[in-house]
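These numbers were taken from a predicted model, which means no experiment stands behind them.
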There are 6 protein chains.
Amino acid sequence: MKLSARNDIVGKVAAITKGQVMAKVKVDIGGQFLTSLVSVDAVDDLALAIGDEIHVIVKSTEVILGK
Amino acid sequence: MKLSARNDIVGKVAAITKGQVMAKVKVDIGGQFLTSLVSVDAVDDLALAIGDEIHVIVKSTEVILGK
Amino acid sequence: MKLSARNDIVGKVAAITKGQVMAKVKVDIGGQFLTSLVSVDAVDDLALAIGDEIHVIVKSTEVILGK
Amino acid sequence: MKLSARNDIVGKVAAITKGQVMAKVKVDIGGQFLTSLVSVDAVDDLALAIGDEIHVIVKSTEVILGK
Amino acid sequence: MKLSARNDIVGKVAAITKGQVMAKVKVDIGGQFLTSLVSVDAVDDLALAIGDEIHVIVKSTEVILGK
Amino acid sequence: MKLSARNDIVGKVAAITKGQVMAKVKVDIGGQFLTSLVSVDAVDDLALAIGDEIHVIVKSTEVILGK
């Protein structure tokens, strides 16, 4: 499936922190790190584990610019 | 000012397309490109121009993961 | 690719309206309609056309409840 | 009050999971399920309970398309 | 209808700019101004006009803090 | 750094509730209150404390209007 979301960066799962409902996933995109807050359900459903190759996907309307 | 948003990638403005209300800004983050959809007002207010150093900022709740 | 986004409804493209930067896509999910605002680039890249089967994907953090 | 958000699907609350800050609400929209992540405060303030009729509201800019 | 979205500020419509797909609505909340980017459809459907009393609604997950 | 996000309201931190992953921050903007849901990491990184002057920042695409 091809997505309308214009931003797709590939990285590796560096850390996973689970709460009761939400989980934080840190992704290493080659030295820099990106963070995603998703549901624990999503982490379990994708069977995310440290070292997994992962796509970081962001819809362009969600991107803020700073100069 | 320090932001709560956890994702901040530095790049260079590669292209700007303006509509009547919305504008598309393409940012080169070192070979890969990110796209942001902001208001034309924002582009004008930041005086964005090709080649400008720019921060791409995304709140972690907006980040989708794909595996 | 499996997504962390928990909401995925399948429908058919019912209408496409293109502006200069943004496009509106109306999706028929069996009588009800959902609307998506994406970039014209996304519409072109996915080669969206009336009648196409399409997935409507929404991250759960974006969903507001009303009672 | 009429909302600018273009997407409003009616369903029934199927499950509620509360953490300390966030809650997950599963909504049955007639066989399919939608998930919303809201604050525990919101769940309490709306007095959400299993079986309640509920509106699932999504702003069109938040809708990603996949083909 | 009561919403799960925790932020609701009342103001008056100060300006409306329509493009082909998107519209910008400026809201005066008592000296300060807030801006909303919605579809032209939404502006038409709500029959928005300068001076209208309007609710500015934001889901808490969308709010970034800066210090 | 100047942001593309068009909405920036200054207030004071009124309350902080931390879960394991997410935190809720209530901001007093002069009688009215705004709520933000951010990661616990963000609260710690900004060293947020009751009474701090804080900017509430919202991208215009995230703002829903109700009439």
Is chain C contacted by the side chain of Thr61(A), its backbone, both, or neither, given a heavy-atom distance below 4.5 Å?
-> side chain
Closest non-hydrogen contact found for Asp41(A) with Arg6(C) is O-NH1, 4.0 Å
Note, Met1(A) side chain near Lys2(C) side chain (heavy atom, < 4.5 Å) | no
The interface call for Leu37(C) against chain A, heavy-atom contacts under 4.5 Å, is backbone
For the residue pair Leu3(A) and Leu46(C), what are the closest heavy atoms and their distance?
-> O-CD1, 3.5 Å
Heavy-atom closest pair (Val38(A) atom, Ser4(C) atom, distance to 0.1 Å) is CG1-OG, 3.8 Å
